[in-house]
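Excluded from the calculations below are hydrogen atoms, water molecules and symmetry mates; all remaining heavy atoms, backbone and side chain alike, are included. Computed from a prediction, not measured in an experiment: that's the story for all the values here. So you know, we letter chains A, B, ... as the sequences are listed, proteins then strands, and number each from 1.
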There are 2 protein chains.
Amino acid sequence: MLCAAPEAGIIAAMNAIQGARSRARAEITAAIKEEARRQLADEGAARLSLRAVARQLGMASSAIYRYFPSRDDLLTALIVDAYDAVGAAAERALGSAGEHPDPVARWCEVCRAVRGWARDHPHEYALIYGSPVPGYAAPRDTAAPAARIGRALLIVAADARSAGLFTPPGPGRVPAAVADDLRQLAGRMAGDAPQAPPVPAELLTAPLIAAWAQLFGLISFELFGHFNRVIEAREEFFTASVTLLAHDVGLRSPGA
Amino acid sequence: MLCAAPEAGIIAAMNAIQGARSRARAEITAAIKEEARRQLADEGAARLSLRAVARQLGMASSAIYRYFPSRDDLLTALIVDAYDAVGAAAERALGSAGEHPDPVARWCEVCRAVRGWARDHPHEYALIYGSPVPGYAAPRDTAAPAARIGRALLIVAADARSAGLFTPPGPGRVPAAVADDLRQLAGRMAGDAPQAPPVPAELLTAPLIAAWAQLFGLISFELFGHFNRVIEAREEFFTASVTLLAHDVGLRSPGA
DNA sequence: CTTTTGCAAGAGCGGTGCTCTCGATGTTGT
DNA sequence: ACAACATCGAGAGCACCGCTCTTGCAAAAG
């Protein structure tokens, strides 16, 4: 493995050397994030304490600042990870239901995957979809990961259109300013991920964006307790609501 | 005043005396809440500090605890006030659009009132509809104020039905467990506010509850920054989305 | 007038985020 | 191989936090 390809070996060795110190850095950074994520899951973002993380890791609290310049930066890292995790969950559902012929069912599966992740990681969900952190830290890093589940929903619609099961929402009048926003957004999405299949602009509709936001209204109400003593059959209610959302977006089941 | 009407005079005097000290209490309590609300609006709930409130009011920090046993209790009081404020805004919109013959427009006005209040008081909105506070303080006190805007939405539907402009959402299958929840909820709402006109149970539908939650999905996404670089024509988009929601609920415009 | 009660103030405890300095420990250039 | 360098951990310390306890004072109650 060392001499098979000389140049590759040298590069690997250099990586290993530089890796020797920066791997230690990466390992400690990962350990800090891991412990922070545990505390986040246990107590929530408000109770996450740098000193407690350091204590648990057996290091001085001041040493943490070699890896994260502030508490808000640690939280920002956790935010990015959370966006990636929920995005991955949505994409997994999208893939595993890929062959499903019913776009409505596929839409529901993606939504259910997001809800399932949220229920499994309530504090991480609250971190990204609840009140923004006071520091309001992450402007750019989170943009791409945050778009993943929106993109997953869009792919459901795109595949439905390929199968002739998408009827663009017609009668609702879309204001011109909103139409402009949607055009710009389509261009931005194409520019951000050039390798991904370009999303047809006519699928990026106002009802789809609204459904995207409304999905999180449903999840947040459930997780944040607003359905207490209102709706107890949470799963059934969510599936029914999200099915209605699919129809609003323009998806049709094959039989209909 | 003492001998005019003996019993009444004594009672009035006792009220005045008790009022003398308990009015001071009420005034200081109100001042604390007012200053706390100012800090909440400035910096958000996370940065609200009892010591800073006391400092601003020129009193020792320990004196605050005579009025609020803990920081979470102060926050709970602010939460109740915020629910009342947004509920009042919704009811005001309901009343001022009372004579409007179009239920869809009325629905939109209520929704726009909620959104307007949220934009004017973003931190208070985040306090009640964002991530729950770690202390998870208020279980019962908030239930009634929180129901006010849901009730306002319901009244729009009820008046629409009276005008023959409500078509109950039909085709979507409602699971039996959800139907049970709705029945129980209708009973509970009738019991909680016996003086209010009883809400017809057939108006308390799953789509209406869903629309209620989804409304806050739209508002939260806007306020919490998820529409940044996505939708800039916020007002137009909101109105369009909320109009679609009205149709989902079963409201019809008179002309249609 | 005395006693009881309610309130404000101060000191203090343990905790927090964060900064600074100071040695120890590599890593790098000559 | 040695010196110069950058990196890192640890400790002390600052200002702030929520909260408790005690003390003294003033007003109400008897």
Side-chain angles (χ1 to χ4, degrees), chain A residues 10 13-33 35-36 39-40 42-78 127 133-137, chain B residues 2 10-33 35-36 39-40 42-78 133-137:
Chain A
I10 289 171
M14 285 182 65
N15 282 355
I17 289 175
Q18 286 201 346
R21 51 186 183 195
S22 72
R23 182 167 53 240
R25 241 199 114 78
E27 276 176 13
I28 295 185
T29 304
I32 292 173
K33 284 212 294 186
E35 176 60 30
Q39 291 195 14
L40 175 64
D42 282 356
E43 304 263 25
R47 296 211 197 281
L48 194 161
S49 144
L50 280 189
R51 290 182 111 111
V53 170
R55 215 178 300 130
Q56 203 67 24
L57 263 52
M59 62 196 327
S61 65
S62 56
I64 300 273
Y65 291 85
R66 299 279 178 194
Y67 301 89
F68 295 94
S70 83
R71 179 180 183 274
D72 278 352
D73 290 88
L74 212 193
L75 271 182
T76 300
L78 296 182
L127 186 62
V133 302
Y136 207 71
Chain B
L2 275 159
I10 290 172
I11 290 172
M14 286 181 64
N15 282 353
I17 288 173
Q18 287 201 347
R21 54 185 182 198
S22 72
R23 181 168 53 242
R25 239 199 115 77
E27 276 175 12
I28 296 186
T29 304
I32 292 174
K33 284 212 292 187
E35 176 59 31
Q39 290 195 14
L40 175 64
D42 281 357
E43 303 263 26
R47 296 211 197 280
L48 195 159
S49 144
L50 280 190
R51 291 181 113 112
V53 170
R55 214 177 300 130
Q56 203 66 25
L57 261 53
M59 62 196 327
S61 65
S62 55
I64 300 273
Y65 291 86
R66 296 273 176 194
Y67 300 90
F68 295 94
S70 81
R71 179 180 183 275
D72 278 351
D73 290 271
L74 212 193
L75 271 181
T76 300
L78 296 182
V133 302
Y136 206 73

Mind calculating the distance between [atom1] ([X]) and [atom2] ([N]) to the nearest angstrom?
| X | N | atom1 | atom2 | value |
| --- | --- | --- | --- | --- |
| B:Phe68 | D:dC17 | CZ | C1' | 19 Å |
| B:Tyr67 | C:dG6 | OH | P | 13 Å |
| B:Ile28 | C:dG6 | CD1 | P | 15 Å |
| A:Arg25 | D:dT7 | CZ | P | 9 Å |
| B:Ile32 | C:dC7 | CD1 | P | 11 Å |
| B:Leu75 | D:dG18 | CG | C1' | 12 Å |
| B:Ile64 | D:dC16 | CD1 | P | 17 Å |

Q: Could you grab the distance from atom CZ of A:Arg71 to atom CZ of A:Arg51, nearest 0.5 Å is fine?
A: 13.0 Å

Q. Should stems be defined as at least three consecutive Watson-Crick or G-U pairs with both distances under 3.5 angstrom, which of them involve DNA chain C?
A.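 As far as DNA chain C goes, consecutive pairing (with distances under 3.5 Å) yields the stems C:1-30 with D:1-30.
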
For nucleotides 24-26 of chain D, which of its nitrogen or oxygen atoms have a protein nitrogen or oxygen under 3.5 Å away, and what is each distance?
none

With sequence neighbours excluded, what pairs up with [X] under the side-chain contact (heavy atoms from CB on, under 4.5 Å) test?
| X | result |
| --- | --- |
| B:Tyr65 | B:Leu50 |
| A:Ala46 | B:Pro134 |
| A:Ala54 | A:Met59, A:Ser61, A:Ile64 |
| A:Ala45 | A:Leu40, A:Leu75, A:Leu127 |

Which heavy-atom pair separates [X] from [Y] by the least distance, and what is that distance?
| X | Y | answer |
| --- | --- | --- |
| B:Leu78 | B:Ala36 | CD1-CB, 4.0 Å |
| A:Gln39 | A:Leu48 | OE1-CA, 4.3 Å |
| A:Phe68 | A:Leu74 | CD2-CA, 3.8 Å |

Q) Is the shortest side-chain N/O distance from B:Arg47 to OP1 or OP2 of D:dC17 below 4.0 Å? A)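 Answer no for this pair, as no side-chain N or O of B:Arg47 is under 4.0 Å from OP1 or OP2.
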
Q: Output all residues satisfying side chain to side chain donor-acceptor pair (under 3.5 Å) with B:Ser70, sequence neighbours left out; order by chain, then residue number.
A: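 Expected list: B:Asp73.
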
Q: Take nucleotides 16-21 of chain C nucleotide by nucleotide from the 5' end and write B, S or -, depending on whether a protein heavy atom sits under 4.0 Å from the base, only from the sugar-phosphate, or from neither.
A: BBBBB-

